[in-house]
Novice: 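The structure under discussion is supplied below as structure tokens; questions concerning it will follow.
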There are 2 protein chains.
Amino acid sequence: MTNQTSGTPPRAATLTDVARLAGVSIATASKAINGRDQVKAETRLRVLEAAERLSFAPNALARGLLKGRTGTVGLLTSDLEGRFSIPVLMGAEDAFGAGRVSVFLCDARGDAIREQHHVRALLSRRVDGLIVVGSRTDPRPPLGAEVPVPVVYAYAPSEDPEDMSITADGVGAGRLAVEHLLSCGRRKIAHVSGDPAYKAAQDRATGAAAALEAAGLSLVGNQTYFGSWSEGWGRGAARMIVEQHPDVDGFFCGSDQIARGVLDALRELGRDVPGDASVIGFDNWEVLTTNARPQLTSVDMNLERVGRIAAQRLFAAIDGTRRPGIEELPCRVVTRESTAPIS
Amino acid sequence: MTNQTSGTPPRAATLTDVARLAGVSIATASKAINGRDQVKAETRLRVLEAAERLSFAPNALARGLLKGRTGTVGLLTSDLEGRFSIPVLMGAEDAFGAGRVSVFLCDARGDAIREQHHVRALLSRRVDGLIVVGSRTDPRPPLGAEVPVPVVYAYAPSEDPEDMSITADGVGAGRLAVEHLLSCGRRKIAHVSGDPAYKAAQDRATGAAAALEAAGLSLVGNQTYFGSWSEGWGRGAARMIVEQHPDVDGFFCGSDQIARGVLDALRELGRDVPGDASVIGFDNWEVLTTNARPQLTSVDMNLERVGRIAAQRLFAAIDGTRRPGIEELPCRVVTRESTAPIS
DNA sequence: ATACATTCAGAAAACCTTTTCGGCGAGTTT
DNA sequence: AAACTCGCCGAAAAGGTTTTCTGAATGTAT
């Protein structure tokens, strides 16, 4: 009999069972198990043995009911599909797991109604706090004032500056990327980005322009080439730029997909990377960066860290230390073969 | 005042509050809210109004404690990193969300110790059931007989045939892929796969061989070309195969990454796809398939469906209807530009 | 007017744990 | 021997909900 349909008791062991088996009261059993004093060493041992024998696990519901804290949090994501939520979620899950907190996962799939529904369900389960994970860095409407527990917004900050938000520093990322290209000796740098409706795209462009200006330079073509976040756009943009500005020697791409397209186009145009031009991508998406030819340098937003910090802020808020405002975490450049000093 | 630090009561409304406001007993309030009879229509209305005013949400902990059912399940994944767990997880979350069940997410990161720890935590929270999601189709050791709630294994089946497992039909998938190539009129079909240590790789090879045999054919080179799941291997394998078997006209690839490599190599060798050869990938990973040139036909394992069905089976088991055994769900071919009848 | 059925509201128990407080017995002091 | 102190255990309450059962009030039949 390997499964639970057979003889095993359908009911999990309770403290009463343990106490009875150990021959003590439930009060004593509780104290023994929770390491309180007021209990003789020998008695404690008896209780612990009994608990072991019954594989007793204290009922977290009862405990939560009593203490007013459940040790659970809600993780509300707007789309699991996209690749940005997942790392944030992993970071948060990681941080909570270490703190004996369990995580409720809800996917609202970008639907406000569903989101409200999930919030209600989570509150009814008496979560101690909430993390709301978005898929873009554009600010989003807050959940509403009705929520009686602390809320932290991750990646997508809240529109309300009084809320707690953790996100990635897009402007800084743009600066970092360009500075990296500059440090490779590149001077004719083009910026191929995605949909200009994304705040992320605008921020990076701002940072890139700032870094160039600080070096007394400006973008090739005096503009950011906005388009879509796809390989196809990367290919098209690269061809166009090379034709119009044959002296281009650096590409800052808004995503790794775009960068893959740029790399492909450059190869087909007979331009060597990184010999003739350096290319840096964005997102540091392993499957794209390490399989590229050459392997792609990319900006990593440290999304797991965003998730971890969000978890920490939520912890603090639950303990009474609220720190309102938007916290922008720095990104980092992961260097691979596609960027190198001019040879 | 937009946040929860200010005036709002720190305590959520309770049934007692509602009852007091409505001027009835908590028993009556409970019955009114839960739609039981034994309550005059007019009274019910008063109670519901009061509940609304206080934005009352019944304490799920108390309810769970009382009824012995919490309406929660645990979703135990071995790695969130990999791209196979996520869709399964989404499917399950979807199915549960619709059934007013909340999901605890735990990532064991492939570590058995951490897994045990999470199982204990979940049992202590009195989940009604457990779904264990793996990242490979190789059977995995079961959780152990100690678990007093139903368990369903998803994607990675349990080694114990008495457990409930839902996975994808690898053999069938291999057959489907080859049949699709055959239906395009291809006769010289090569199979480029990944790490032969994966059961998935073996199963698909088995299915592919069977389908060819049924057509009186055999694989190009009379073997599956095993390697790694990477683009690099796809490129290398394609070059080798074209050299040794110039008449090859179909490639069944073990992953979309491999397929991308194959496509790249074929283009560089001057072979037109799908003119000279059809190429089919595996996993139907959007970012790879739709950005490929030409867009890549691929086998989709319907992983969301795997997750949904797992959730349904778990539901049934919780309600007492256990259905032991491994259930292999069919895959499907998603046709794009890279496969077409010989022109 | 009496016996009875019917409708609706409330009291109380149960779920399981934690914590406070009272009490009992043993050992110590004078 | 009396008065203490100290260490250890158990009774009981609290937390919020659901459900059963009792009881009160009203309406109906005789």
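What you see is a predicted model, and the numbers here were worked out from it, not measured in a lab. Hydrogens, waters and symmetry mates play no part in the numbers below; they use all other heavy atoms, side chains included. To find a chain, count down the sequence lines: A is the first, B the second, and so on, and within it residues start at 1.
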Novice: What are the two closest non-hydrogen atoms of B/Leu48 and B/Ala32, and how far apart are they?
Specialist: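 Shortest heavy-atom contact: CD2-O, 4.4 Å.
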Novice: From the set C/dA11, C/dC16, C/dT18, return the single nucleotide nearest to any side-chain atom of B/Ala27.
Specialist: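 Minimum distance to the B/Ala27 side chain belongs to C/dA11.
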Novice: Expressed as a whole number of angstroms, how long is the span from A/Arg20:CZ to C/dC16:P?
Specialist: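 One finds 11 Å between P of C/dC16 and CZ of A/Arg20, rounded.
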Novice: Within this structure, what is the CD1-to-P distance between A/Ile26 and C/dA14, rounded to whole angstrom?
Specialist: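 After rounding, the reported distance stands at 14 Å.
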Novice: Contact class for B/Lys31 vs. all strands (heavy atom < 4.0 Å): base, sugar-phosphate, or nothing?
Specialist: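 Base: the residue B/Lys31, judged by heavy atoms under 4.0 Å, touches a nucleobase.
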Novice: Within a radius of less than 6.0 Å around CD of A/Glu146, do more than 12 heavy atoms belonging to other residues, nucleotides or ligands occur?
Specialist: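 Counting neighbours around CD of A/Glu146, 12 or fewer heavy atoms of other residues, nucleotides or ligands fall under 6.0 Å, so no.
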Novice: Could you tell me how the ring of A/Phe315 sits relative to the ring of A/Phe96: parallel (under 30°), tilted (30 to 60°) or perpendicular (over 60°)?
Specialist: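 Because their plane-to-plane angle is over 60°, the rings of A/Phe315 and A/Phe96 count as perpendicular.
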Novice: Rounded to the Å, how far apart are A/Asn59 CG and C/dC15 C1'?
Specialist: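 Checked: the CG to C1' distance equals 8 Å.
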Novice: Using a strict threshold of under 4.0 Å (side-chain N to carboxylate O), is an ion pair present between A/Asp319 and A/Arg69?
Specialist: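 Salt bridge between A/Arg69 and A/Asp319, a charged N being under 4.0 Å from a carboxylate O: yes.
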Novice: Using atom NZ of B/Lys40 as one end and atom C1' of C/dA9 as the other, report the distance to the nearest whole Å.
Specialist: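 Checked: the NZ to C1' distance equals 10 Å.
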Novice: Closest nucleotide of DNA chain C for A/Ala13 versus for A/Gln38: which of these residues is on the 5' side?
Specialist: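 Closer to the 5' end of DNA chain C: A/Ala13.
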Novice: Name the orientation class of the two ring planes belonging to B/Phe104 and A/Phe104 (parallel below 30°, tilted from 30 to 60°, perpendicular beyond 60°).
Specialist: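 Ring orientation of B/Phe104 relative to A/Phe104: parallel.
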Novice: How many whole angstroms separate atom CD of B/Glu42 from atom C1' of C/dT7?
Specialist: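 In whole Å, C/dT7 C1' and B/Glu42 CD are 14 Å from each other.
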Novice: Between A/Ser30 and C/dT18, is there a contact of a side-chain N or O with OP1 or OP2 at under 4.0 Å?
Specialist: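 A/Ser30 to C/dT18 OP1/OP2: side-chain N or O found under 4.0 Å.
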Novice: Counting only side-chain nitrogens and oxygens, does B/Thr28 get under 4.0 Å of the OP1 or OP2 atom of C/dC8?
Specialist: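 False: B/Thr28 side-chain N/O out of range (4.0 Å or more) of C/dC8 OP1/OP2.
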Novice: Rounded to the nearest angstrom, tell me the gap between atom CZ in A/Arg36 and atom C1' in C/dT17.
Specialist: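 It works out to 12 Å between those atoms.
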Novice: Nucleotide range of DNA chain D contacted by chain A, 5' to 3', under 4.0 Å to a heavy atom?
Specialist: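 The footprint of chain A covers D/dC8 to D/dG16.
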Novice: Kindly say if A/Thr14 contacts the phosphate of C/dC16, meaning a side-chain N or O under 4.0 Å from OP1 or OP2.
Specialist: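 Result: no.
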Novice: For the pair made of CZ in B/Arg44 and P in C/dA9, what is the distance, rounded to whole Å?
Specialist: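 The answer, rounded to whole Å, is 9 Å.
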Novice: Heavy-atom count check: over 12 atoms from other residues, nucleotides or ligands less than 6.0 Å from B/Glu327 CD?
Specialist: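 Enclosed.
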Novice: Calculate the interatomic distance between B/Arg125 atom CZ and C/dC16 atom C1'; express it in whole Å.
Specialist: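 Taking atom C1' of C/dC16 as the reference, CZ of B/Arg125 is at 15 Å.
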Novice: When all nucleic acid strands are considered with a 4.0 Å heavy-atom cut-off, which category describes B/Asn34: base, sugar-phosphate, or nothing?
Specialist: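 Sugar-phosphate contact only.
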Novice: Could you tell me whether B/Leu61 contacts a base, only the sugar-phosphate backbone, or nothing, with contacts defined as non-hydrogen atoms closer than 4.0 Å?
Specialist: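 The answer is nothing, as B/Leu61 stays clear of every strand by at least 4.0 Å.
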Novice: Identify whether the distance between the nearest side-chain nitrogen and carboxylate oxygen of B/Arg53 and B/Glu49 falls below 4.0 Å.
Specialist: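 Here B/Arg53 does not pair with B/Glu49 in a salt bridge, since their nearest N and O are not under 4.0 Å apart.
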